[in-house]
Protein chains: 2
Amino acid sequence: MTQKMNTEARREQIAGAALKLLAERGSEGFNIADLAQSVGLVPSAIYRHFEGREDVLDAALSVFRDKVYGLVEAARREAGNPLIALELLLTRHARLIESGGAVPHIMASMSAPEGHAARRAKTERIFRGYVARVEALVREGQERGQIRSDIDPTAAALLFAGMIQPAALLRHAEGERFDITAHAAQVWDLFRRAVARD
Amino acid sequence: MTQKMNTEARREQIAGAALKLLAERGSEGFNIADLAQSVGLVPSAIYRHFEGREDVLDAALSVFRDKVYGLVEAARREAGNPLIALELLLTRHARLIESGGAVPHIMASMSAPEGHAARRAKTERIFRGYVARVEALVREGQERGQIRSDIDPTAAALLFAGMIQPAALLRHAEGERFDITAHAAQVWDLFRRAVARD
DNA sequence: TTATGATGTGAATATGGATTCACATGGAGG
DNA sequence: CCTCCATGTGAATCCATATTCACATCATAA
């Protein structure tokens, strides 16, 4: 029998594994059997730790949220100023996608109008939170005079949020041939030119 | 009994209805029963015109492709120059989203790594085709001197493609409160500043 | 007008996946 | 060292959908 673990540790392990599967296959392709297998359990065992499928997805979303918000905060902390923070953030998103983290896929897949209303609502909340954080960076950039002040921070934040999304799609389609990191650098130039003061 | 139709007309009708459902609910929520109902048929009747679910989705994708490509071509045709064409295209995307056309959702939902490989491949092909068309507009803009020539057309096209996507998400989350058209105008300003020659 | 094949129907059937349940077992506290 | 409960297991069961099938009916063309 698989080693027993206390439920808290198991929950985390399972939620993490679920997020990984979600990134690989989207919510449609996500199923309990594969999830169980990926943590070395039998399907029914999942129900010792979660109410059901939706509960698992909810937990995975929480992990996702912490990861993404953490990315923003780390970028802000490590960069000397908001503009650099944004650039750093973009780079890291790119790297994440490259390594299979598939952030955009998760957002898209989970927020699609299909699933449980609660799940969708949570995804949207997460997205709004993300945008709000980027927006805060933009505002700070404006206060410091790095970013033009006639720009609507929300618009800029949404533009930023959209920068890697299509690239992730292409990356998926073209595989290794498409260099996301290089692409990120190029769109960053564009973004910078759009928002930077002079 | 529901009025009989020859299969070609029925196929088109069904494919169109399928696309609409897809836009509303994503591929996960899409099912034959609802599709049949939406065209006033009984589920089994669908199989008179399609091999099965995947075949329906494939047909819906074709409709989608024609619609989207048509949008690009119409914009190019109606606008005097490539830059205006891009602006027009953006505006129309916004309007489409506003009226429930949910382009980004369809792309995301259909291309998610979940489904049938063939379906995914087709979605990606469609996306690449779209990007290629936008890219062509960018190149033309460069030739005419409207767009800076040191810009990578692919990067610009992908940036463009990503401009409305996040907005669609927000729109979904915040409902009517979020004005996509206004947002489109603002990101357009940003995009223009990023790519336009001086 | 009628015969015929294409379309539509409702009732099975098939299938995949989630969920439940009775039972097994290991590990932490006594 | 024992006990007992949380955790793990495998075999049902349930359920939602896709799909099939035998039968009904309409459209049309000779």
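Proteins get letters first, then strands, A, B, ... in listed order; numbering begins at 1 in each. Computation of the quantities below employed the complete heavy-atom set of this structure, encompassing side-chain atoms and omitting hydrogens, waters and symmetry-equivalent molecules.
- The closest side-chain heavy-atom distance from A:L96 to A:L71 is below 4.5 Å.
- Here the side chains of B:R76 and B:E73 are not in contact, with every heavy-atom distance at 4.5 Å or above.
- Counting to the nearest Å, the P atom of D:dA6 and the CD atom of A:E8 are 15 Å from each other.
- Reading DNA chain C from its 5' end, the first and the last nucleotide to sit under 4.0 Å from a heavy atom of chain B are C:dA6 to C:dG10.
- If you take CG of B:D55 and C1' of D:dA18, they are 14 Å apart, rounded to a whole angstrom.
- Ring geometry, A:Y130 versus A:F127: the interplanar angle falls under 30°, so the pair is classed parallel (tilted spans 30 to 60°).
- Under the 4.0 Å criterion applied to side-chain N and carboxylate O atoms, A:R144 and A:E140 are assigned as salt-bridge partners.
- A:I84 and A:V138 fall into different hydrophobic clusters, where Ile, Leu, Val, Met, Phe, Trp and Tyr are joined by side-chain heavy atoms under 4.5 Å apart, directly or via other members.
- Contacts of B:R53 with the nucleic acid, taken as non-hydrogen atoms under 4.0 Å apart, involve only primed sugar atoms and P, OP1 or OP2.
- Nucleotide D:dC23 holds its P atom 14 Å from the CZ atom of B:R48, rounded to whole Å.
- Rounded to whole Å, the distance from OH on A:Y47 to P on D:dT13 is 17 Å.
- Residue whose closest nucleotide on DNA chain C sits further toward the 5' end, between B:S44 and B:M5: B:M5.
- Under 4.0 Å is where a charged nitrogen must lie from a carboxylate oxygen, and between A:R128 and A:E124 no such pair does.
- Between the CE atom of B:M1 and the P atom of D:dC23 there is a distance of 16 Å, rounded to whole Å.
- We find that CZ of A:R11 is positioned 15 Å from C1' of D:dT7, with the value rounded to whole Å.
- With B:D58 as reference, B:K122 is the one residue of B:R119, B:R65, B:K122 to meet the salt bridge (charged side-chain N to carboxylate O under 4.0 Å, His left out) rule.
- With the nearest nucleotide of DNA chain C identified for both B:K4 and A:G52, B:K4 has the one nearer the 5' end.
- A straight line from CD of A:E54 to C1' of D:dC15 spans 16 Å, rounded to a whole angstrom.
- Residues B:P43 and A:L41 both approach DNA chain D. Their nearest nucleotides, taken by heavy-atom distance, put A:L41 toward the 5′ side.
- When the side-chain nitrogen and oxygen atoms of A:H49 are compared with OP1 and OP2 of D:dA6, none of them lie within a distance under 4.0 Å.
- In this structure, CD1 of B:I32 is placed 14 Å from C1' of D:dT20, rounded to the nearest angstrom.
- Residue contacts for B:T2: at a heavy-atom cut-off of 4.0 Å it reaches the sugar-phosphate backbone alone, with no base atom in range.
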